[in-house]
Amino acid sequence: SDDNFSGQTREFTTAAGNLLKTPGLVVLAAVFVLAAWYSQAGILLAAGLFLSTAGLARLWNRLCLAGVRAERQLNGTRFFPGDPIACTLRLFNRKPLPLPWVQLESDLPAGFRLDEPAGRTGSETIRRSASLLWYRGITWKLRLTGVRRGYYPIGPLEITSGDFLGLYSRSRRAGSAEHVIVYPQIFPVDTRLVPSLYPMGAARADRRLFRDPTRAVGVREYVHGDELKSIHWKATARRGDLQVKVLDATTSFNVAMVLAVESFRDNGVLAEGDFELGISAAGSIAAALCERGSPVGLFVNTRLADTGQPAVIAPGAGRGRVTEVLEALAKVTGRSSGPAAAFLESQKGRLNAGTTLIFIIGRLPERFPEQLADLRAAGFRLLVLLVGGQGEPNLPPDVRWRRIQNVGDLAGGPPA
């Protein structure tokens, strides 16, 4: 990924002291005039020398950032925790005026670390300094590390330079933040953890929850998120609004993971360790199932870091599905968009009869057993992953569940 910060933004000048600011220089100019009027040669010489030096420094400062450009280059924008991120900074002085000093600076978001070659680690700011002659450039090679899952903006570069005496400095921020995704950690998973699903078949199901692309039984209005291939173009032309095919129901091989954000809060406090373990569990199961070619979906009642909307990915397969799920999990925050029960009810139309729902929760939400019983009666297969060390869950006897207290519990075989 190449981020070129060549765009111009507003420049800011900073004086080294109050006397170098405009009011101070005006007062000093008045002293110079009075010294000349009263023939005070010493004061006249000192004031004149100071004013001429300040004037030259201000002129140099005004021109110092003209023709100065900076570039930042990362070796990608998507990483796993702990992966090294190669970062290259380039600074160019494209004018005949030399720069006695210039500094390049960029803040790093929390969750990122700058690995310094001299053994100093953990810095939260990228800061490099140099002096540049006319029409010269310099390159720095750095290594960053994303230590925590998340969706991170790496701020724009700030270029600062000034006159040769350091009386004035001038700064400019250019470009915009570049966003980097750090996926959740992925751990080995025993795929027997997930109850087996119905095989793909041609048998018609009693409930019209799953769509068979060969059997259209009607049309309905288009809803954001519907696939383009499901649009009924003839009906759309007749009615003037986008219409989508309503397809008949069969059974299929589908898994949907449901992460209940509010279940990881106790008295309003987020259990961050359990929450991150739950997110890693969802990502690990998705990666394992996608590797087998199984359709996978994700539903999280969160407010995603980039859109503020919940994470909604209907079950599906494909080469990019695991990336889509991991990116969504990277953006999950601890802020809930609303109760998980109401959220799942609103998304039920995206789920097919026979789908295995994997609930990943910290504490049992209110009326959760009753909702599981309703889902089981509606033809869904259920698995509950209880993250953390809470007591025995009060679940219906025919609902499988497993406690996840560490990553090794994901590889321990099927639930009882």
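Here the side chains of E178 and L74 are in contact, with some heavy-atom distance below 4.5 Å. You'll find the side chain of T333 stays beyond 4.5 Å of the side chain of L304, heavy atoms only. Under the 4.5 Å side-chain criterion, counting only non-hydrogen atoms from C-beta, N93 is not in contact with R69. Two residues are said to be in side-chain contact when any heavy atoms from C-beta on lie closer than 4.5 Å; W101 and S129 fail this criterion. Between F112 and V182 the shortest side-chain heavy-atom distance falls below 4.5 Å. Between L142 and R128 there is a side-chain heavy-atom pair separated by less than 4.5 Å. Counting only heavy atoms from C-beta outward, the side chains of D266 and R363 approach each other to under 4.5 Å. Residues L395 and F368 form a side-chain contact, since some pair of their non-hydrogen atoms from C-beta on lies under 4.5 Å apart.
The existence of a salt bridge linking R172 and E158 is excluded, since no basic side-chain nitrogen approaches an acidic carboxylate oxygen closer than 4.0 Å. Look at R265 and E262 and you find no salt bridge, because none of the NZ, NE, NH1 or NH2 atoms lies under 4.0 Å from a carboxylate O. Using a cutoff of 4.0 Å between basic side-chain nitrogens and carboxylate oxygens, R376 and D374 are not scored as salt-bridged.
Remark: R170 CZ to S161 OG distance equals 11.0 Å, nearest 0.5 Å. Rounding to the nearest 0.5 Å places CG of L386 at 6.5 Å from CH2 of W401. To the nearest 0.5 Å, atoms OG1 (T355) and CG (N254) are separated by 4.5 Å. From R136, atom CZ reaches atom CG of L99 across 12.5 Å, with rounding to the nearest 0.5 Å. The distance from the CZ atom of R149 to the CD1 atom of I181 is 11.5 Å, given to the nearest 0.5 Å. Interatomic distance, CG of L104 versus CG of L157, reported as 5.0 Å (0.5 Å rounding).
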Go through the steps for I279 and Q185 under the test side-chain contact (heavy atoms from CB on, under 4.5 Å), then give the verdict. CA-CA 9 Å; I279 290 174; Q185 288 186 303; over 6 Å; no

Could you check L91 against V102 for side-chain contact (heavy atoms from CB on, under 4.5 Å), going step by step and ending with a plain yes or no? CA-CA 9 Å; L91 187 64; V102 61; 3.6 Å; yes

Determine, step by step, whether F343 and V312 satisfy the side-chain contact (heavy atoms from CB on, under 4.5 Å) criterion, reporting the C-alpha distance in whole Å, the side-chain angles of both residues, the deciding distance to 0.1 Å, and the verdict. CA-CA 10 Å; F343 168 67; V312 178; 3.9 Å; yes

Between I154 and R72, does the side-chain contact (heavy atoms from CB on, under 4.5 Å) criterion hold? Intermediate values first, please. CA-CA 11 Å; I154 297 182; R72 178 175 61 205; 3.3 Å; yes

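Between the side chain of D163 and the main chain of G166, a donor-acceptor pair closer than 3.5 Å is present. R381 places no side-chain N or O within 3.5 Å of a backbone atom of I358 that could act as its donor or acceptor partner. For T88 (side chain) and K141 (main-chain N/O), no donor-acceptor pair under 3.5 Å exists by modelled atom type. Although no hydrogens or angles enter the test, the distance criterion places no donor-acceptor pair under 3.5 Å between the side chain of S263 and the main chain of I361. Judged by distance alone, with hydrogens and angles left aside, the side-chain atoms of D409 form a donor-acceptor pair with the main-chain N or O of N406 at under 3.5 Å. The backbone N or O of C64 sits less than 3.5 Å from a side-chain atom of K95, completing a donor-acceptor pair.
For residues 49-65, the set of pairs meeting the side chain to side chain donor-acceptor pair (under 3.5 Å) definition, not counting sequence neighbours, comprises T13-N61.
Of the residues I85, T125, L144, T145, the one that meets the side chain to side chain contact (heavy atoms under 4.5 Å, CB included) test with L114 is L144. The only option from L270, V261, T302 that meets the side chain to side chain contact (heavy atoms under 4.5 Å, CB included) definition with S336 turns out to be V261. In summary, of the residues considered (L385, L259, L344), a side chain to side chain contact (heavy atoms under 4.5 Å, CB included) with F359 occurs for L344 alone.
In this model, no donor atom of one side chain and acceptor atom of the other lie less than 3.5 Å apart for S337 and N301.
Taking each heavy atom of P109 and P153 in turn, the nearest pair found is CG-O, 3.5 Å. Closest heavy-atom contact between P184 and L329: CG-CB, 3.9 Å. Nearest heavy-atom pair across A130 and W140 is CB-CZ2, 3.9 Å. Across L382 and L372, no two heavy atoms sit closer than the pair CD1-O, 3.3 Å. When all heavy atoms of G297 and R321 are compared, the closest pair comes out as CA-NH1, 4.3 Å. I360 approaches A282 most closely through the heavy-atom pair CD1-CB, 3.5 Å.
Counting heavy atoms of neighbouring residues, nucleotides and ligands inside a 6.0 Å radius, atom CD of E370 exceeds 12 of them.
You'll find the ring centres of Y152 and H179 outside the 6.0 Å limit.
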